[in-house]
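So the structure is just underneath, and the comments pick up after that.
Below, chains carry the letters A, B, ... as their sequence lines are ordered, and counting in each starts from 1. Just so we're clear, the structure is a prediction, and the values are computed from it rather than from any experiment.
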Amino acid sequence: MKDRIATLLTRALETVRTRDQWPDELTADVEVENARDKAHGDFASNIALKMGKRAGYQPRDLAERLKAALPEDEAIAQVDIAGPGFINFFLARDWIARQARQAANDHRLGVPPAAQPDTVVVDYSSPNLAKEMHVGHLRSTIIGDAVVRTLEFLGHNVVRQNHVGDWGTQFGMLLAYLEEEKTAESDEQLASELSDLEQFYQAAKQRFDDDDAFAARARELVVSLQSGDDYCLQLWREFNRISLEHCFAVYERLGISLTRADVRGESAYNNELADIVEQLDRTELLTRSEGADCVFLDEFRTRDDEALPVIVRKADGGYLYATTDLAALRYRARTLDADRVLYFVDQRQGLHFQQVFRVARLAGFVNDTTELAHMGFGTMNGPDGRPFKTRSGGTVKLTDLLDEAEERAWRLVQAKNPELDEAELRRIAQVVGTGSIKYADLSKHRASDYIFDFDQMLSFEGNTAPYLLYAWTRVFSIFRKAGLNPDELDGDIRLDTEAETELAARLIQFGPVLEQVGERGLPHLLCNYLFDIAGLFSSFYEHCPVLSAEGEEQRQSRLQLARLTAGVLQQGLALLGISTLERM
RNA sequence: GCGCCUGUAGCUCAACCGGAUAGAGCAACGGCCUUCUAAGCCGUAGGUUGCAGGUUCAAGUCCUGCCAGGCGUACCA
């Protein structure tokens with residue numbers, strides 16, 4: 001709709017240009033935005049304010065001329081000039097009603113598929129397989145997954161890349177320990193030890209620190225692993241398989257759409273690393289410094305104000321994560337043919353990505369037209385404002401976090417609705433518990449740090465998962481109560497009241513909101529939108545009788561609004577990776 | 001030292017790449033269950049957007065300088 005109004009304004013500008021006077025060189029970039037205040041209509045443009053002076057008009061005068069030159073449009077009921085020269089557009093109610101009616105009867109809820117689908121490579125989750133998934137992996141995993149689902153819904157070709165940490169020196173220690181335990185213990189004992197990767201890692205580290213012979217064996221294994229020794233690779237595969245099982249158990253609980261096919265870890269690029277360095281050398285970007293192969297970029301400085309290198313090969317010949325990321329970038333740009341490559345990685349790696357993106361472009365691994373974006377996010381803090389830790393100061397395992405959320409959700413739902421049987425209660429607690437954790441994270445702007453607070457995220461009031469889930473059950477219960485099939489409604493949508501109009505006008509903005517989420521990687525925009533919808537629906541439901549409406553026409557109209565609301569809420573939550581519940 | 005990010009109501013968060021009177025939710029206060037719904041709705045109160053300048057018709061948003069906090073800054077990822 002913004003585009004549509006912008007087009008009208010552009011044509012009006014052309015008319016003014018030919019009919020009145022206008023500086024030859026002056027071109028206008030027409031912007032239309034949603035009006036923030038109902039009194040200002042549905043959309044507003046500041047074009048007259050921006051261009052007035054430069055075109056030689058008083059802003060209000062220009063606005064009047066533009067208004068007079070605007071082509072007719074059935075969607076626009078009224079155009080006002082307001083304030084210093086804003087042009088306010090009021091949508092025609094019957095047009096909103098028709099759009100809403102169409103959306104209500106569309107399985108895509110009125111959201112058109114992208115006219116030009118992009119191939120979007122999304123790097124997210126990417127846990128380190130050496131350790132168990134902890135809260136540090138949560139944000140990348142759920143924000144990335146929400147954006148991925150949104151992009152897919154919009155019709156883009158999405159390639160998920162789970163860039164797991166499956167390589168590096170710590171694997172020597174882990175393999176040495178795995179080897180030792182394999183011979184010392186029965187399979188069952190070993191399996192139970194590996195069931196807690198965190199403990200396994202700690203135990204291996206302990207042995208490494210305490211026993212020189214063990215440490216020597218660990219280093220030996222790193223070397224044979226890197227040289228492709230069969231026995232060593234076998235141990236390595238076994239360890240990774242078990243570690244990945246842990247990851248997927250967490251994904252399953254969290255409702256993450258990643259599959260095994262999306263796993264492409266650091267090790268996948270091992271045999272390309274030498275070539276990356278060679279290519280950098282060939283393009284004359286490479287410099288040898290203190291024994292290491294580096295790329296120096298002027299714009300980055302060290303703490304001593306010297307040029308800061310991107311080290312791609314250490315003095316001992318080893319490669320670093322910059323090298324791996326360059327190889328991954330080349331693969332994504334060339335082999336996967338990405339139009340966009342998005343990284344959902346902690347904000348703290350901002351410098352690293354700036355460097356790697358720059359080097360990749362200089363070296364020609366990535367075209368200038370390919371978008372490379374680090375979608376960084378802030379830290380998850382505890383209620384004290386410090387990074388979220390256990391009472392003893394350790395990292396919190398994701399599985400423990402989910403356990404606690406489900407337990408709390410169970411108690412809450414049980415208290416509110418004691419007649420539910422245990423099986424259903426468990427299922428509800430699972431959706432509410434994990435959904436609350438996800439929603440609490442997704443509803444905040446990803447760039448900022450946020451405070452993790454169980455009580456707040458599990459509240460049934462405010463911008464939370466329980467509130468939205470309950471809002472959906474309320475809408476859904478209308479149909480259940482009346483024994484109606486939502487797919488068998490008929491007739492037009494009529495917007496008789498303010499509550500209906502506001503709800504409908506917001507419902508038909510689902511598409512533009514999703515586009516923003518996909519473009520900017522900001523799922524909180526969708527959360528805010530859904531919260532809006534839920535509030536507008538509550539208000540509508542309070543003021544507009546649905547089942548007991550006056551007459552069949554009004555009843556059908558309101559049922560269709562309810563149906564569209566249910567559809568948008570359910571689809572929106574699904575894009576956030578949260579499923580709805582018929583009862584709770 | 002340099003660079004990046006953050007600073008908005010008592011608390012938790014918004015503000016659509018410069019717009020109109022800075023918005024929600026909690027907490028506080030006041031109303032509404034003989035009418036599908038109260039896990040809800042309607043309303044009141046709450047602000048010098050860290051501070052000081054600047055650019056602009058217009059600044060929470062852009063620029064400069066301070067203050068406070070977080071993070072990063074050569075062979076970990």
Heavy-atom contacts, protein to nucleotides 33-44 of chain B, under 4.0 Å, summarised as B (base), S (sugar-phosphate only) or - (none) per nt, yield ---BBSBBSS--
With B for base contact, S for sugar-phosphate-only contact and - for none (protein heavy atoms under 4.0 Å), nucleotides 9-16 of chain B reads ---SSSSB
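No salt bridge links R386(A) with D384(A); every basic N to acidic carboxylate O contact stays at or beyond 4.0 Å. We find that R358(A) and E299(A) are joined by a salt bridge, their nearest charged nitrogen and carboxylate oxygen being less than 4.0 Å apart. Using a cut-off of 4.0 Å between Lys/Arg side-chain N and Asp/Glu carboxylate O, R555(A) and E552(A) are scored as salt-bridged. Taking a cutoff of 4.0 Å between a charged side-chain nitrogen and a carboxylate oxygen, D455(A) and R408(A) qualify as a salt bridge. Looking at R332(A) and D123(A), a side-chain N of the basic residue comes within less than 4.0 Å of a carboxylate O on the acidic one, giving a salt bridge. With respect to E31(A) and K2(A), no salt bridge is recorded, no charged nitrogen being found less than 4.0 Å from a carboxylate O.
Place I87(A) and A292(A) on RNA chain B by their nearest nucleotides, and I87(A) ends up nearer the 5' end.
The separation of C16(B) from G60(B), taken at their C1' atoms, amounts to 14 Å, rounded to a whole angstrom. Between A22(B) and C4(B), the distance separating the two C1' atoms is 27 Å to the nearest Å. The gap from the C1' atom of A59(B) to that of U49(B) amounts to 11 Å, rounded to the nearest Å. Rounded to the nearest Å, the gap between the P atom of A45(B) and that of C57(B) is 35 Å. When the C1' atom is compared between G53(B) and A9(B), the two are found 26 Å apart, to the nearest whole Å. For the C1' atoms, the distance linking G46(B) with U8(B) amounts to 14 Å, nearest Å. For the P atoms, the distance from C13(B) to G54(B) is 34 Å, rounded to whole Å. Between C63(B) and A28(B), the distance separating the two C1' atoms is 41 Å to the nearest Å.
Within 4.0 Å (heavy atoms only), N88(A) reaches at least one base atom of the nucleic acid. Looking at heavy-atom distances under 4.0 Å, F300(A) makes no contact with the nucleic acid at all. Looking at heavy-atom distances under 4.0 Å, F296(A) makes contact with a base. The residue A44(A) sits close to a base: some heavy atom pair falls under 4.0 Å. Residue K53(A) is classed as a sugar-phosphate contact, given heavy-atom separations below 4.0 Å to backbone atoms only. Nucleic acid contact class of A82(A) (heavy atoms, under 4.0 Å, all strands): base.
Taking D166(A) as the reference, nothing meets the salt bridge (charged side-chain N to carboxylate O under 4.0 Å, His left out) condition, with sequence neighbours excluded.
E272(A) and N270(A) form no side-chain donor-acceptor contact under 3.5 Å, judged by distance and modelled atom types alone. Of the N and O atoms on the side chains of D325(A) and Y343(A), not one donor lies less than 3.5 Å from an acceptor on the other residue.
At a cut-off of 3.5 angstrom, the base of A74(B) holds at least one donor-acceptor pair with the side chain of S289(A).
Residue F86(A) and nucleotide G19(B) are not classified as a stacked aromatic pair, given the requirement of ring centres less than 5.5 Å apart at an interplanar angle below 30°.
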Interface polar pairs with nucleotides 1-3 of chain B, N/O, under 3.5 angstrom:
from  : atom 1 : to      : atom 2 : distance (Å)
G1(B) : N2     : T302(A) : O      : 3.0
G1(B) : N2     : R303(A) : N      : 3.4
G1(B) : N2     : R303(A) : O      : 3.4
G1(B) : N3     : R303(A) : O      : 3.4

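A distance of 12.5 Å separates CE in M133(A) from OG1 in T395(A), rounded to the nearest 0.5 Å. Separation of atoms CG (L522(A)) and CE (M375(A)) is listed at 7.5 Å; rounding is to 0.5 Å.
In this structure, CD of Q355(A) is placed 14 Å from P of A77(B), rounded to the nearest angstrom. Between the P atom of A77(B) and the CG atom of L129(A) lies a distance of 15 Å, rounded to the nearest Å. One interatomic measurement links the two molecules: CG of N46(A) to C1' of C17(B), which rounds to 13 Å at whole-angstrom precision. In this structure, D532(A) atom CG and G25(B) atom C1' are separated by 12 Å, rounded to whole Å. Counting to the nearest Å, the P atom of U73(B) and the CG atom of L320(A) are 13 Å from each other. Distance H374(A) NE2 to C71(B) C1': 12 Å, rounded to the nearest Å.
The glycosidic torsion of C33(B) lies within 90° of 0, which places this base in the syn conformation.
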Take Y321(A) and H352(A) through the ring pair (Phe, Tyr, Trp, His ring centres under 6.0 Å) test and state the conclusion after the steps.
CA-CA 9 Å; Y321(A) 78 139; H352(A) 165 73; 3.9 Å; yes
Applying the Watson-Crick and G-U criteria (both distances under 3.5 angstrom) with [ ] for crossing and | for other-strand pairs, one obtains for RNA chain B (((((((..((((.....[...)))).(((((.......))))).....(((((..]....))))))))))))....
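Stacking of R264(A) on the aromatic ring of Y331(A) is recorded, both the 6.0 Å distance cut-off and the 45° axial limit being met.
Distance from the side chain of E290(A) is smallest for A74(B) among the nucleotides A20(B), A74(B), G19(B).
Checked by atom type and distance alone, the side chain of N162(A) pairs as donor or acceptor with a backbone atom of S126(A) at under 3.5 Å.
Aromatic ring centres of F86(A) and F43(A): separated by at least 6.0 Å.
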Please tabulate, for side-chain N and O atoms in residues 465-472 of chain A, each donor-acceptor pair with protein atoms closer than 3.5 Å (sequence neighbours left out).
from    : atom 1 : to      : atom 2 : distance (Å)
W472(A) : NE1    : A566(A) : O      : 3.1

